[in-house]
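Step one of this worksheet: look at the structure below.
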Amino acid sequence: MIQFQCDYNEGAIPVSCNVFLIAIWSRRWGMVKMPIAMKLVN
Amino acid sequence: MEQTVGYGEDAYCDEARKLIQKACQREDVDIHFLVGGTQANTTVIAHILRPHQGVIAASSGHINVHETGAIESTGHKVLAIPTDDGKLTASQIEEAMLEHINEDGPEHMVQPGMVYLSFPTEIGTIYSAEELKAIRAMCDKYDLPLFIDGARLGYGLCSPECDLTLPQLSQLADVFYIGGTKVGALFGEAVIITSDALKKDFRYSIKQHGGMLAKGRLLGIQFATLFTDDLYFQISRHAIDEAMRIRAALQAKGIGFLIDSPTNQQFPIFTNEQAAILSQNFLLSPWKRIDDTHVAMRICTSWATKHENVDCLIEAIDKL
């Protein structure tokens with residue numbers, strides 16, 4: 001199913017955001033923030 | 001591990017503020033980062049209004065139809081004005097004010113205390129610079145703060161029909177916000193306060209409305225990224241380009257629209273059969289039942305919409 005439902009739905013969350021969250025929880029955010037920030041808007 | 005101060009006072013939020021101030025061409029604005037649109041709307045409106053006041057909005061405005069009474073839950077009525085195209089006009093604002101002022105005993109009524117509009121509107125339309133200037137003048141005439149909800153701001157500013165810029169918007173609104181949640185961020189809205197009178201104690205309002213994110217850097221990093229190298233506008237333009245391709249395909253097929261939207265939301269009117277066929281492969285939103293045999297659907301593009309997926313949709317529209 002190709003989504004055109006809305007501009008905030010889960011399909012519009014980049015995969016890297018999962019890494020983003022994991023990074024926060026693993027407290028390694030400071031080490032990975034730039035690559036993730038770049039991927040966030042990839 | 002990197003440790004920073006919390007609550008939006010870290011270096012990343014400071015960097016994002018400077019970048020947004022530069023984009024707005026105003027260094028005198030206050031900028032606060034909140035998590036989502038409903039939270040931004042309730043916090044700003046409750047911060048501005050006095051207890052006996054309400055907020056003027058279009059009847060189709062987001063705060064009136066899609067926020068579960070969040071504004072009313074703060075004790076402030078939404079004073080809804082019917083519109084055909086989702087846009088308030090300066091004359092409608094004046095009519096609402098005169099109706100209140102000319103009441104016999106206006107203190108028995110909710111006093112209009114501010115104006116809310118969104119850019120784009122809930123149905124994808126946009127205000128022209130001239131229309132917004134007229135609304136600004138009317139707000140000045142009646143001492144009404146003007147609040148512009150910019151949850152989809154990028155998609156409005158990048159519309160081919162938009163004659164406004166971010167710096168111009170910064171001059172017209174007393175408070176507005178730049179949406180991140182719908183424009184590429186994981187979450188977050190940047191609330192920009194241009195009016196000195198409204199800046200005082202806004203952080204108290206944020207905290208009281210549950211909007212103060214302890215790990216505030218997560219908001220700052222995202223907005224600093226979005227406002228570096230014109231990224232916010234690049235990804236907004238992408239959504240608009242794809243939406244315009246869809247609009248052209250629908251027009252070529254002779255399909256009508258609920259409203260002529262120049263932004264990332266399109267509202268074609270399909271027959272029930274056409275809607276059912278498209279819904280087999282595409283996730284669209286039913287928006288409004290037109291009659292027994294026709295329905296208006298919302299087709300929404302975003303920064304993440306793939307060009308090839310739009311190709312598929314256009315092919316399907318062509319086969320209808």
Side-chain angles (χ1 to χ4, degrees), chain A, chain B residues 1-4 12 36-37 151-152 154-155 179-187 215 217-218 220-222 224-226 228-229 231-232 234-236 239 242-243 246 263-266 278-286 297-306 308-313 316:
Chain A
M1 192 69 87
I2 299 174
Q3 93 79 25
F4 290 94
Q5 189 184 31
C6 200
D7 34 18
Y8 52 76
N9 83 347
E10 295 204 7
I13 294 177
V15 172
S16 56
C17 285
N18 293 326
V19 183
F20 178 96
L21 292 169
I22 291 166
I24 295 163
W25 284 106
S26 66
R27 301 199 299 177
R28 295 182 188 280
W29 175 244
M31 294 167 63
V32 299
K33 65 182 183 297
M34 286 316 294
I36 298 305
M38 289 167 69
K39 284 181 182 175
L40 183 66
V41 290
N42 183 6
Chain B
M1 185 173 76
E2 180 186 29
Q3 291 182 305
T4 68
Y12 296 105
R152 294 188 170 96
Y155 303 136
T181 303
K182 294 176 179 172
V183 195
L186 177 60
F187 55 85
K215 277 75 172 176
R217 79 177 87 166
L218 302 180
I221 288 168
Q222 293 183 78
T225 305
L226 286 169
T228 297
D229 297 332
L231 194 54
Y232 186 76
Q234 280 182 39
I235 61 181
S236 297
E242 297 302 334
I246 295 168
T263 59
N264 72 315
Q265 299 183 95
Q266 297 296 311
L278 289 177
S279 296
Q280 289 172 4
N281 296 309
F282 303 94
L283 195 56
L284 315 177
S285 299
M297 305 287 281
R298 181 175 73 168
I299 299 175
C300 199
T301 59
S302 76
W303 68 278
T305 299
K306 292 180 181 175
E308 57 267 32
N309 286 347
V310 173
D311 288 342
C312 292
L313 178 60

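Just so we're on the same page: letters track the sequence lines, and every chain starts at 1.
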The test is side-chain contact (heavy atoms from CB on, under 4.5 Å); show your working for A:D7 and B:N264 and say whether it passes.
CA-CA 9 Å; A:D7 34 18; B:N264 72 315; 3.0 Å; yes
Could you walk me through whether B:L283 and A:F4 pass side-chain contact (heavy atoms from CB on, under 4.5 Å), step by step?
CA-CA 6 Å; B:L283 195 56; A:F4 290 94; over 6 Å; no
Go through the atoms of B:E242 and report whether side chain, backbone, both or neither lie under 4.5 Å from a heavy atom of chain A.
neither
Which portion of B:N309 sits near chain A, non-hydrogen atoms under 4.5 angstrom
both
Less than 4.5 Å apart, any side-chain heavy atom of B:C300 and any of A:Q3?
no
What part of B:S279 gets closer than 4.5 Å to chain A, counting heavy atoms only: side chain, backbone, both or neither?
backbone
What verdict does the side-chain contact (heavy atoms from CB on, under 4.5 Å) test give for A:C6 and B:Q265, after you've listed the backbone C-alpha separation in whole Å, the side-chain angles of each residue and the deciding distance to 0.1 Å?
CA-CA 8 Å; A:C6 200; B:Q265 299 183 95; 5.7 Å; no
Distance col, row B:R298:CZ vs A:Q5:CD, nearest 0.5 angstrom, shows 7.5 Å
